[in-house]
Amino acid sequence: MSDTTSSFQAPIGTHDVLGPESGQWESLIATFADFAYRYGFSLAITPMFEDVGVFNRGIGEHSEVAKKEMYVFADRGERVYALRPEGTASIVRAFVQHQPATPWKAWYVTPAFRYERPQAGRYRQHHQLGVEALGTEDPAIDVEVITLAWRFFEAIGLRSIRLLINSMGHDECRAAYVSILRHHLATDPSLLCDEHQKAWSHNPLRVLDCKKAPCIDVTSRGPMLPDHLCDECREHFAAVLAGLTSLGVEAELNPRLVRGFDYYTRTTFEFVADALDGAQNAIGGGGRYDKLAEQLGGKPTGGIGFGTGIERLLLTRAAESDQPLDLLNRTLDVFVVDTTGGDVATVLVDELRSAGVACDRAYDQRSMKSQMKVADKSGARWALLVGPQELLAGEVTIRDLRSDNFEQAQQKASRDDLVAAIANLLTK
RNA sequence: GUGGGCGUAGCUCAGUUGGUUAGAGCGCCAGGUUGUGGUCCUGGAGGCCGCGGGUUCGACCCCCGUCGCUCACCCCA
């Protein structure tokens, strides 16, 4: 499709989101923004590309995402950048750069880019909503971030969500655990699945996450991370779990939960949707990253965040319900039908819109029948009819498009009282 | 990166063992006498049958390539 006569389409793995589907996006974003506001987070807008080092140092050079999924490019000044593959690293980079007063609580909505083969629920450009809180290691903030996510999923009506939680410990207790785990795996690597028989020593934690029976069998007889935390990490984790319990947030302890980015310490969590099957059922996740600010050149500052994928939220919604998500109810109030040439419509919609009424009109001087059809399809509750009669009398006919009774459906209003009359109808 | 399925009107799809003017439903547009939508009726516009090459008297149909879509593996939102 590169010849000059063909047209263009969206790049592989990307999608245009148009109405009415975009109404669901608006619902999610607006609801999330409202939650963030109520929890004390302010919006942070950061560049969609960063020095590639921000992501390499942040999510880990050896993670799958950094190794083969980043969109890396050099600009004309030979600076090497990458399109952001996730939200957290950029926010922490901005934190380090500007050093806002702590605790600093920021939320974001952003595209995220990963170069991989698209499939159901996985795209080269997807979109995430998230929050980050930096500058405190109080388990109360862990509880708050997780609870925000939990309540958000409730608010948008999702039913099949489970929360899995684990603690990765801090550098030292995790390193100690990894060597114990490595020792356990080394006793007989041939018992592992085909893939991990070779790869186990590179990153033993990944074996914990393996879904294949042989690995599950071996690891279930081995050491689990929560049992090997140092006293401080153990107490921190216990406080998080107790806090969640006190709020009625049901977390399932999952010692196998190992997330994809290297920056996580202590609390890690993931939300899975049982309504989605198989490999793409993670709809959100996050955790604590107490070393990340330092790795990006800042002062040691603890932080915790959460991110969720808009596309997967909507897939989950679709799997759970036939009804599209419509929390904003963005429908037109009024549609103006003007058969006198259109100039009256021009003035009327301006008056109504200035008064806060959502309205639209027909164009191109189409017939009344045609304009009425458009009015019907617009979803507007009321049609305003202006023909030669109304023009002469200085009136407008107000028609209820939900009514099928011609007599009861219509009433007249004078031009001067129109805005007030409509306002009155809309408050009923 | 690897593998499977699929590319015919804006959308969802038919298209007989290759045979000449490529169809349906929905959507869109216009009508169904004098200013009224949602139902119904009539008519209309709209397709280099993804693209390129090959086989053939003849290709939407068969073969090859290519691009794209889709599903799966790895991993993730």
Side-chain angles (χ1 to χ4, degrees), chain A residues 1-15 18 59 63-70 84-88 109-130 149 193-196 199 203 206 209-212 258-261 270-273 276-286 306-316 335 337-340 362 364 366-391 397-407 409-410:
Chain A
M1 290 288 276
S2 59
D3 58 298
T4 53
T5 57
S6 63
S7 54
F8 298 103
Q9 53 184 302
I12 298 173
T14 70
H15 296 276
L18 313 175
I59 65 185
S63 67
E64 291 292 318
V65 168
K67 260 192 312 194
K68 57 181 194 181
E69 295 181 1
M70 280 214 286
R84 75 159 53 117
E86 59 97 41
T88 301
V109 51
T110 181
F113 304 87
R114 297 190 196 161
Y115 191 89
E116 54 191 340
R117 289 289 287 272
Q119 68 189 74
R122 204 176 66 185
Y123 311 98
R124 288 190 174 180
Q125 177 179 340
H126 73 279
H127 299 79
Q128 293 191 11
L129 296 161
C193 77
D194 295 345
E195 183 193 341
H196 285 119
N203 189 350
R206 284 253 75 91
D209 198 36
C210 183
K211 308 291 189 293
K212 298 199 176 79
V258 176
R259 294 186 46 79
F261 303 137
E270 189 166 290
F271 292 90
V272 296
L276 299 180
D277 39 40
Q280 276 81 245
N281 71 344
I283 63 163
F306 155 76
T308 182
I310 293 178
E311 287 85 349
R312 288 193 185 171
L313 289 177
L314 291 175
L315 282 175
T316 305
F335 195 95
V337 171
D338 175 3
T339 59
T340 68
D364 299 321
R366 299 216 270 175
S367 70
M368 178 164 228
K369 175 171 181 164
S370 168
Q371 292 192 46
M372 285 299 292
K373 281 188 175 182
V374 180
D376 185 52
K377 272 175 292 199
S378 77
R381 169 70 193 279
W382 306 95
L384 300 187
L385 312 185
V386 181
Q389 288 174 24
E390 286 86 352
L391 193 59
T397 296
I398 303 172
R399 178 175 178 77
D400 183 352
L401 288 171
R402 273 192 219 160
S403 171
D404 53 6
N405 183 313
F406 192 86
E407 297 302 321
Q410 300 199 161

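Reminder, nothing fancy here: chain letters follow the sequence lines and each chain counts from 1.
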Partner set under salt bridge (Lys or Arg N to Asp or Glu O under 4.0 Å) for [X], not counting sequence neighbours:
X         : answer
Arg381(A) : Asp400(A)
Arg366(A) : none
Glu69(A)  : none
Arg399(A) : none

Across the strands shown, which category fits [X] at heavy-atom distances under 4.0 angstrom: base, sugar-phosphate, nothing?
X         : value
Ala120(A) : sugar-phosphate
Gly285(A) : nothing
Gln389(A) : base
Leu313(A) : nothing

Nearest-Å distance for atom pair [atom1]/[atom2], residues [X] and [N]:
X         : N      : atom1 : atom2 : answer
Asn281(A) : A77(B) : CG    : P     : 12 Å
Leu18(A)  : G27(B) : CG    : C1'   : 16 Å
Phe261(A) : A77(B) : CZ    : C1'   : 9 Å
Arg84(A)  : A77(B) : CZ    : P     : 15 Å
Gln9(A)   : C67(B) : CD    : C1'   : 9 Å
Asp364(A) : A30(B) : CG    : C1'   : 14 Å
Glu86(A)  : A77(B) : CD    : P     : 8 Å

- prompt: If you measure from the P atom in C60(B) to the same atom in G3(B), how many Å do you get, rounded?
  reply: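 My reading of the P atoms in C60(B) and G3(B) gives 30 Å.
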Along RNA chain B (nearest heavy atom to each residue), the more 5'-positioned of Pro118(A) and Asp209(A):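 So the residue in question is Pro118(A).
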- prompt: How do Thr14(A) and Arg206(A) order along RNA chain B: which one's closest nucleotide is nearer the 5' end?
  reply: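 Checking each residue's closest nucleotide, the 5'-ward one belongs to Thr14(A).
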task: Scan nucleotides 36-47 of chain B nucleotide by nucleotide, 5' to 3', and note B when protein non-hydrogen atoms come under 4.0 Å of the base, S if they reach only the sugar-phosphate, - if neither.
output: BBB---------
- prompt: By side-chain hydrogen bond (donor to acceptor under 3.5 Å, both in side chains), which residues pair with Thr339(A), not counting sequence neighbours?
  reply: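 Expected list: none.
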Which residues share a side-chain hydrogen bond (donor to acceptor under 3.5 Å, both in side chains) with Arg206(A), sequence neighbours left out: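 Testing Arg206(A) for side-chain hydrogen bond (donor to acceptor under 3.5 Å, both in side chains), a comparison that skips the adjacent residues, returns Asp209(A).
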What pairs with [X] under ring-ring contact (aromatic ring centres under 6.0 Å, His included), at least two apart in sequence or on another chain?
X         : result
Phe113(A) : none
Phe335(A) : none
His127(A) : Trp25(A)

Proximity to the side chain of Gln128(A) - top-ranked nucleotide from C75(B), C29(B), A77(B):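 The nucleotide sitting nearest to the side chain is A77(B).
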- prompt: In terms of side-chain heavy atoms of Gln119(A), which of A77(B), G31(B), C73(B) is nearest?
  reply: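 Nearest to the side-chain atoms of Gln119(A), counting from C-beta on, is C73(B).
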- request: Would you indicate, yes or no, if C75(B) has its OP1 or OP2 atom less than 4.0 angstrom from a side-chain nitrogen or oxygen of Arg259(A)?
  value: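 No, no such contact exists.
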message: Return the CE to CG distance between Met372(A) and Leu385(A), rounded to the nearest 0.5 Å.
response: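 Those atoms lie 5.5 Å apart.
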Which nucleotides of RNA chain B pair, in dot-bracket form (Watson-Crick or G-U under 3.5 Å, | meaning another strand): (((((((..((((.....[...)))).(((((.......))))).....(((((..]....))))))))))))....
Scan nucleotides 1-10 of chain B against the protein and return all N/O pairs shorter than 3.5 Å with their distances rounded to 0.1 Å.
from, atom 1, to, atom 2, distance (Å)
U2(B), O4, Arg117(A), NH1, 3.0
G3(B), O6, Arg117(A), NH2, 3.2

